[in-house]
Amino acid sequence: MKEHNHNSELPVGNFIRTRIEEDLGRYPKILTRFPPEPNGYLHIGHAKSICLNFGMARDYQGQCNLRFDDTNPVKEDVEYVESIKDNVRWLGFDWNDGLFFASDYFEKLYEFAVELIKKGHAYVDDLSAEEMREYRGTLTQPGQNSPWRERPVEESLLLFQQMREGVFADGAKVLRAKIDMQSPNLNMRDPVLYRIRKAYHHRTGNAWCIYPMYDYAHAVSDALEGISHSLCTLEFEDHRPLYDWALEALDMPKPRPQQIEFARLNLEYTMTSKRKLLQLVQEKLVDGWDDPRMPTLVGLRRRGYTASSIRSFCERIGVAKRDSWIEMDWLEQSLRDDLNPTVKRVMAVLEPLKVVIENYPEGTSEELDIPYFPDEPARMGSRKVPFGRELYIERSDFMEEPFKKFFRLAPGREVRLRFAYYITCQRVVKDEQGNIKELVCSYDPATKGGDSPDGRKVKGTIHWVSAAYALPVRTRLYDRLFVNPRPEGLDELNPESLKEITVYAEPSLATLAPGQRCQFERQGYFCADQELSQPGRPVFNRIVALRDSWAKLLKEGKA
RNA sequence: UGGGGCGUCGUCAAGCGGUAAGACCCGGGUCUUUGGAAUCCGUAUUCGUAGGUUCGAAUCCUACCGCCCCAGCCA
């Protein structure tokens, strides 16, 4: 049996890990790179790539560069550069001194292009975009050589120089690789290497009016940086021959970087296409890139997701070449796993139902000391929670006609108020329409703290909050942004993806700082919104609900 | 109908000729001041289909079927 898991701390082998391990001796060191184009905000799909690239570098004592693929000035902006750097750092990765821009290499890229022309590997073409499309042929028909293909080297050299000098208009000429117009791989049918684009570049300003294309710039950049493994997504598989061609045509030193492709992340109910995300923002279907419903890293961060939960999610989903759709539950479960042992538990009622304890002395109240983390009370300490004659409990914690497996409050039934007292429901008070208005209950003073001295057991424990001292808090509940698991377009948006309610929280929540997280007993994990919270007045985002197996029972009970 | 990829449990994913890892979900038990958490047990006689090679195949061969990507002077 082949032992793949050499180091027990490493996740089990994926094909990329295997490849790298085979190459360990062939390269001075393992050098990967994360190469975003600064044309938008990073999303959960990029997190997979970041974790992969930086993770491989970390696991094999190598290095991962952060390189901006800024070869198309009209789409790019410094705003994106800064947010990408910020997001990578937030995810917990460090590029050390490996921060690069493809635009840093523009001069070298130009010189290499000149070399290609001199070697007869490239030529300047005068065909228009439309003509070039016609000459390219189709999937089933070979292309035809451009009439300019055999233009003398000296002429191409001069024209390319003039392209750089701004002699020609946008689109008038391009530099093309001379490969094979007959190739069944369309990428090899004399692909464009340089185009004229008289546009302001966010880093080089107006220094250039010709810009290299991705395939050329990427291969050369990888080689210049000494990248060992250039990991990218599956759609670039057909580009690999071109990548290798460029390195060979330029006689780049060996060992050369190798491109390895993996499947991009597809997450159910979310969109991981920069174009569509941009559209969501532009059409104001969401509040912005950092809308807590967005799958962007800024969105997830604002929602309350932790960087470590995203990292463990990326590890959990694995890396392979088959198209896959990851269930939302994986992301959510990663978050719960992370937050469960690290976050304070507090009480808050989402949908209040008033409870009046008839035998509790009127006009009085008391404070109960309740641990923030009952599983290990010493770890996070405790807080005082006011208790009184009038309380709110969760509406769903009471059923007038309980089904068989419903263990919570019902007429005549005794339950425990968490860390407080046992109460028994005596009467149900209704309004004229027959809606339940409040419950009249009695409590057993001997059960203070939630334990009965006579050993009497109750089957249910419910959370509560003092009506007199409850803190009403603006709270935003989120649902999936799309109706369909595998959304096709924006017309499938879920109109109920955002619901705003008022939650009745225990007073200690007033001090929750923006960005801080907590667990509302039974309700889920919440985070004080960074943008909307005011000092002393938090606004909660529900990050994720708790796993709720009783909701299923409820449904079955009603059926 | 050209080329490049991919098909193993509901969902991910190991496996690379020696008789189907693991994870999420799911089902059940224990425990519990939340029906949460923790913990234990169970869950693919079968690897897209059909043939073939072999003592032995998810792994090799052949054919077929299905899905994804490619005709930007985007990345």
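Proteins come first, then strands; the chains are lettered A, B, ... in the order of their sequence lines, and each starts at number 1. Predicted model only: the values in this text are computed from it and were never measured.
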* Identity of whatever pairs with G18(B) - Watson-Crick or G-U, under 3.5 angstrom -> C55(B)
* Asked: Considering only side-chain heavy atoms of Arg197(A), which listed nucleotide, G4(B), G72(B), C74(B), is closest?
  -> C74(B)
* **Lys/Arg N to Asp/Glu carboxylate O, Arg311(A) vs Glu315(A), below 4.0 Å** => no
* Asked: Across the strands shown, which category fits His239(A) at heavy-atom distances under 4.0 angstrom: base, sugar-phosphate, nothing?
  -> base
* Grab the CG-P distance between Asp180(A) and C70(B) for me, whole Å please. => 21 Å
* Asked: Any side-chain N or O of Thr71(A) under 4.0 Å from OP1/OP2 of A75(B)?
  -> yes
* To do: Please measure how far the C1' atom in A38(B) lies from the corresponding atom in U19(B), and state the result in whole Å.
  => 37 Å
* Base, sugar-phosphate, or nothing: which does Leu339(A) touch, judged by heavy atoms less than 4.0 Å apart? -> nothing
* Expressed as a whole number of Å, how far does the P atom of C9(B) sit from that of U34(B)? -> 38 Å
* To do: Using a 4.0 Å heavy-atom cut-off across all strands, classify Asp375(A) as base, sugar-phosphate, or nothing.
  => base
* Asked: Distance-only, no hydrogens or angles: does the Asp180(A) side chain make a donor-acceptor pair with backbone N or O of Gln182(A) under 3.5 Å?
  -> yes
* Between C24(B) and Arg336(A), is there an OP1 or OP2 to side-chain N/O distance shorter than 4.0 Å? -> no
* Euclidean distance for C1', C60(B) against A21(B) (whole angstrom) -> 23 Å
* May I ask you to verify if any side-chain N or O of Arg418(A) is less than 4.0 angstrom from the OP1 or OP2 atom of U34(B)? => yes
* When you match Glu235(A) and Glu521(A) each to their closest nucleotide on RNA chain B, which lands nearer the 5' end? -> Glu521(A)
* **Glu131(A) side-chain N/O to Leu127(A) backbone N/O, donor-acceptor pair under 3.5 Å** => no
* Taking atom P in both A23(B) and U39(B), what distance in whole Å separates the two? -> 12 Å
* Asked: Is there a side-chain polar atom (N or O) of Arg322(A) under 4.0 Å from OP1 or OP2 of C12(B)?
  -> no
* Give none if U1(B) has no partner; otherwise give the nucleotide forming a Watson-Crick or G-U wobble pair with it, both distances under 3.5 Å. => none
* **Who pairs with C6(B) - Watson-Crick or G-U, where each distance is under 3.5 Å** => G66(B)
* Asked: Is there a Watson-Crick or G-U wobble partner for G42(B) with both distances under 3.5 Å, and which nucleotide is it?
  -> C26(B)
* N/O (side chain, Gln519(A)) to phosphate O (OP1/OP2, G36(B)) under 4.0 Å -> no
* Under 4.0 Å: is that the gap between some side-chain N or O of Arg275(A) and OP1 or OP2 of A75(B)? -> no
* **C1' gap between C25(B) and U11(B), integer Å** => 7 Å
* Asked: Can you find a donor-acceptor N/O pair under 3.5 angstrom joining the side chain of Asp238(A) to the base of G3(B)?
  -> yes
* Asked: Of Arg176(A), Lys173(A), Arg136(A), Arg149(A), which is the lone residue that meets salt bridge (Lys or Arg N to Asp or Glu O under 4.0 Å) with Asp125(A)?
  -> Arg176(A)
* Ignoring backbone atoms, test whether Arg547(A) places a side-chain nitrogen or oxygen under 4.0 Å from the OP1 or OP2 oxygen of C26(B). => yes
* Asked: Should Tyr105(A) and Glu225(A) count as side-chain neighbours, where that means a heavy-atom distance under 4.5 Å?
  -> yes
* To do: For C24(B) versus G3(B), give the span between their P atoms, rounded off to a whole number of Å.
  => 43 Å
* To do: Using a 4.0 Å heavy-atom cut-off across all strands, classify Ser324(A) as base, sugar-phosphate, or nothing.
  => sugar-phosphate
* Contact class for Val458(A) vs. all strands (heavy atom < 4.0 Å): base, sugar-phosphate, or nothing? -> nothing
* Can a side chain N or O of Arg195(A) be found less than 4.0 Å away from OP1 or OP2 on G72(B)? -> no
* Asked: Could you give the CG-to-C1' distance, from Leu242(A) to G72(B), as a whole number of Å?
  -> 14 Å
* To do: Using the ring of Phe398(A) (Phe, Tyr or Trp, six-membered ring only), decide whether Arg408(A) places NZ or CZ under 6.0 Å from its centre and within 45 degrees of its axis.
  => no
* Asked: Within the structure shown, what part of the strands sits under 4.0 Å from Asp451(A) by heavy-atom distance: base, sugar-phosphate, or nothing?
  -> base
* Asked: If you measure from the P atom in G10(B) to the same atom in G4(B), how many Å do you get, rounded?
  -> 32 Å
* What distance, rounded to whole Å, do you find between the two P atoms, one in U46(B) and one in A58(B)? -> 11 Å
* Base, sugar-phosphate alone, or nothing: which one does Arg136(A) contact when heavy atoms must sit under 4.0 Å apart? -> sugar-phosphate
